[in-house]
Asks: 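Have a look at this one.
What you see below is based on every heavy atom in this structure, not just the backbone, and it leaves out hydrogens, waters and symmetry mates. Labels below follow one simple rule: chain letters A, B, ... track the order of the sequence lines, proteins then strands, and each chain is numbered from 1.
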Amino acid sequence: MKELPKAYEPKRYEDEIYRKWEESGFFNPDGLSGEPYSIMMPPPNVTGVLHLGHALENALMDTMARYQRMRGKKVLLVPGTDHAALPTQAKVEKLLMQEGIKNPRQELGREKLVAKIKDFAENSKSTILGQIKKMGTSCDWSRLAYTFDGYRSKAVNEMFKRMYDDGLIYRGYRVVNWSVKGQSTCSDDEVIHVERPAKLYTFKYSKDFPIMIATTRPETKLGDTAVAVNPGDDRYKMYIGKKYQIDIGAALPLQIKIIADENVEINFGTGALGVTPAHSPTDFEIYEKQKAKDDPIGLIPVIGSDGLMTDAAGINYQGLTVEVAREKFVAWLKENSLLEKEDDIIQNVGTSDRFGDVIEAIPMTQWWLDMRKEIPGRDKSLKDLMRLAVTTGLNNDPAQKVFITPERFKKLYLDRILNLRDWCLSRQIWWGHRIPVWYCVGDGACKIECKQPIVTLEKPDYCPHCNSKNIIQDEDTLDTWFSSGLWTFSTLGWPDKTEDMKKFHPTSWIQMGYEIRDLWMMRMILMSSYALKQIPFKNVYFHGMLRDESGKKFSKSSGNNIDPLDVIKQYGADALRWSVLGGIAPGNDSKFYEEKIEGARNLVNKLWNISRFMVARISEPGKDIVEPKPKTLADQWIMSRLAGTVETVKENIEKYNFSYAGEALRDFTWNDLADWYLEIAKVEGDKSETLNYILNTILKLWHPFMPFVTEAIWNEAYNGSMLMVEKWPVANQEKISLAVEADFGIIQKIIVQIRNWRAEHKIEPKEKIKAVITFGRDLIPANGGVIKFFGRLETLAFVKKTVTGEATDFEIKFDCQVDANKEMERLRKEIAAIEPYVASQEKKLANEQFVGGAPATVVAGERKKLAEAKEKLAKLNEQLIK
RNA sequence: GGGCGGCUAGCUCAGUUGGUUAGAGCGUUACAUUGACAUUGUAAAGGUCACAGGUUCGAAUCCUGUGCCGCCCACCA
């Protein structure tokens, strides 16, 4: 027997326990046997510290990892961090600007700025890793990965080269999403659409121009080269093919060609679209289409990468910001009576998710990944692979199919890839994987071939064509998601053919927030399907977002930020884990607030205290014990409930219903075990074996959810061994007995009735009363001791029922001074509650359609219910008359 | 414009293929307090399951429509 402190103090145990786990070597799968089970941690960005969302992710991953480890799997959970190219550079630049460095890129230059970012990244990396440990996450630190370390860089270059050699990566002059503030491109996924009021201007290029057009961006009209109309539009048909030369103030007169395009809607606006190929992705597509049709139109960039109007915009506009140029151009239209009208509208404007400024569409030469092109020798495009991975499975192999939880996200994913355009890979920021492409800037002796980019894994010494040593690397870096897309296998040593690759890929399960579905899941599927012909993971689970009490996202800017470390400090890691996991459903957001953490802390403490109680009553604690033989109904009952709980917990973890699994376990622990069985143990006595068995089992069940407190108790109770690698309990199905549970339910009902009666008659809890129970079944007197104890009865007598009614029936009479009026009132209240029910049951059973239509078992059940209710009612009426 | 999710007790949420008198936690109220635990116990109050139709013997659950809240996608100039 042991004396444990009254309350669980997480601080006393957590760090030491984590150290013991780490030292045990069981975080590393090499020390485990069994079937491999792998989870890759979504690497947190090295932009700062972990927030609550990460706490949720760690709780989810670790619960799964610990469960699987105890199930006897060879579990690998790889920790890591993401260099998060653009977000990190944006963040550090912002900090530097706050320190007074106005233009960090100009003032520091590439090398120094990258060094600063690296410092910052390394710093936040170590903070983050420390936080992951605090959460109790059982990951293999020997396989720690970073998207920007040597191994991962090697994988990135390899992937780029393979894709380039396959003709999927190309360099092309196209319209990109350009952030003027960030001085970089971004992908379509990083553009956030924001609704803003805007003006829609309807105007003509000149007095004799036959068609009106409308626009929200008048200043770009200085670069128009065509007007597109629907070929079926009778108003404009006759103009198709005609060319007009007009002067609206641009450097050169505009050459406007009237062209036909099916996508122009006749009924929208003026039914004509002013085409600005340089500054609209749609118009650029028209430009390309026209080129393909051998009926080319021009392309005039009038906005530069600095966000100012270019020379091509004309002497009156060049150097102006777009806003000023817009006003000026509109003024000019008005002066020349070309403006038909201006309407106020709400417009969706694309903004940069990191820099926040409005995204300009600007044509540039960039690196692209082709989504639609057939992969050499595979008869499929990347887009096809991405689709097949979730539908039939890659190569029609069901083993190569990704299962998505919740299922509705599968449809969203498929819809998304349907509209996928080529992925712009290159970024002009400096923090990130430099594109593995080199150019010969030769010594004048260059050949034409020297203009070709050289794509190699490492810097070549010579130009392969002219042998010049004058070779420079592409200035640009890769989209950060390119390296994240490789995560499931770059973490396992790819492109080398490692043992880990063989064992752990495809990975078993991954979890992530739904907000990065398009950014990350899609690209992992793309990369893995392409390079390995394997899916990256067999199962993917999407969690929702944690919000505060009023439904707002947690963020520093809205001042509602909660630091997981503070929560751990105050309540412990187990409480934090439980509070983020409680009440969540796959794919749904959930709310997080103080009371939830308190509730979790109370639960942790409750578990601690029932364990204390049990440990004190176990004469020979031992972890290798056989199932005890039940001696009483209560024993049978608790064993049945325990077995049922083992089953429920397992089933629900495997269906990713973490919340439900936990609730079932809580329900058993608190309501069945603590409130009933442990109380019974006080009267029935001699429960050592059973208590040992129960404690043993529930600690294992609780471990994935609350690793620290369970390990602490385990160590106190069964010192020497480690709970983390104990075998997960197997439900003894034979012990699950509905009959036993129903029988015990009768005893509970009797006790509740006595308690109620006492409460209603305001009988002091201390006061012992006498009672007589008329019973129909022997199990009632057999549990007399329990009833007497719970009901605080002085004496309890039993009378066997003479008339046989319902088998479960019992009646309690109290020998005690009570207020007769109160008793009448109580009886009336009870009668009033039952009467309507009896009436509705009678009506239901009188309904021939119900009796005829419903299954016999249902009808029989309803009949029984009616009989019981009627009997109870009769008895109450009888008592009332007395 | 298209789509998705939510609407169940004061609050946060369960409710698994339609079948007890719709549940839990928190909060509230009353009572208790040397007991493994006040980070506790016992009990009570509290719900037209957003609304309107429909299918069915029977609907919180299935179908249709409406409303409100939240989110995602889209090149509507």
Asks: How is A:V752 classified with respect to the nucleic acid when contacts are heavy atoms under 4.0 Å: base, sugar-phosphate, or nothing?
Replies: sugar-phosphate
Asks: Roughly how far apart, to the nearest Å, are B:rA22 and B:rA50 at atom P?
Replies: 15 Å
Asks: Report yes or no: is there a donor-acceptor pair, N or O only, under 3.5 Å between the side chain of A:Q347 and the base of B:rA77?
Replies: no
Asks: With the stacking rule set at 5.5 Å and 30°, tell me whether A:F850 counts as stacking on B:rC57.
Replies: no
Asks: By the 4.0 Å heavy-atom rule, please label A:K655 as base, sugar-phosphate, or nothing.
Replies: nothing
Asks: What nucleotide among B:rU16, B:rA77, B:rA36 has an atom nearest to a side-chain atom of A:N609?
Replies: B:rA36
Asks: For B:rU42, does OP1 or OP2 lie under 4.0 Å from any side-chain N or O of A:R792?
Replies: no
Asks: Give A:E549 one of three labels, base, sugar-phosphate or nothing, depending on what nucleic acid heavy atoms sit under 4.0 Å from its own.
Replies: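 Counting heavy atoms under 4.0 Å across all strands, no contact is made by A:E549.
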Asks: Is A:W670 close enough to B:rG41 that one of its side-chain N or O atoms is under 4.0 Å from OP1 or OP2 there?
Replies: yes
Asks: Is the NZ or CZ atom of A:R416 both under 6.0 Å from the centre of the six-membered ring of A:W520 and within 45° of that ring's axis?
Replies: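 No - A:R416 does not lie over the ring of A:W520 by the 6.0 Å and 45° rule.
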Asks: Would you mind classifying the nucleic acid contact of A:A214 as base, sugar-phosphate or nothing, using non-hydrogen atoms under 4.0 angstrom?
Replies: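 If one applies the 4.0 Å heavy-atom cut-off, A:A214 turns out to touch the sugar-phosphate alone, with no base involved.
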Asks: State, yes or no, whether a side-chain contact exists between A:D672 and A:E741 at a heavy-atom distance under 4.5 Å.
Replies: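 A side-chain contact under 4.5 Å is absent here.
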Asks: Please measure how far the C1' atom in B:rG53 lies from the corresponding atom in B:rA59, and state the result in whole Å.
Replies: 14 Å
Asks: Just call it for A:S280: base, sugar-phosphate, or nothing, with non-hydrogen atoms closer than 4.0 Å on any strand.
Replies: nothing
Asks: When all nucleic acid strands are considered with a 4.0 Å heavy-atom cut-off, which category describes A:R601: base, sugar-phosphate, or nothing?
Replies: base
Asks: Counting only Watson-Crick or G-U wobble pairs whose two distances fall under 3.5 Å, which nucleotide matches B:rA59?
Replies: none
Asks: Assess, by modelled atom type and distance only, whether the side chains of A:Y571 and A:N602 contain a donor and an acceptor separated by less than 3.5 Å.
Replies: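 A:Y571 vs A:N602: no donor-acceptor pair found between side chains.
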Asks: With heavy atoms under 4.0 Å as the rule, sort A:A674 into base, sugar-phosphate or nothing.
Replies: base
Asks: Looking at B:rC76, which nucleotide sits across from it as a Watson-Crick or G-U wobble partner, both distances under 3.5 angstrom, or is there none?
Replies: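 Partner of B:rC76: none found under 3.5 Å.
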Asks: Does A:K606 put a side-chain nitrogen or oxygen below 4.0 Å from OP1 or OP2 of B:rG41?
Replies: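 Looking at the OP1 and OP2 atoms of B:rG41, one of them is under 4.0 Å from a side-chain N or O of A:K606.
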Asks: Is the number of heavy atoms from other residues, nucleotides or ligands under 6.0 Å of A:L738 CG greater than 12?
Replies: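 No, not enclosed.
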Asks: Does A:R217 reach a base, just sugar-phosphate, or nothing at all? Heavy atoms under 4.0 Å.
Replies: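 Counting heavy atoms under 4.0 Å across all strands, no contact is made by A:R217.
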Asks: Closest to the A:R416 side chain: B:rU39, B:rA74, B:rU21?
Replies: B:rA74
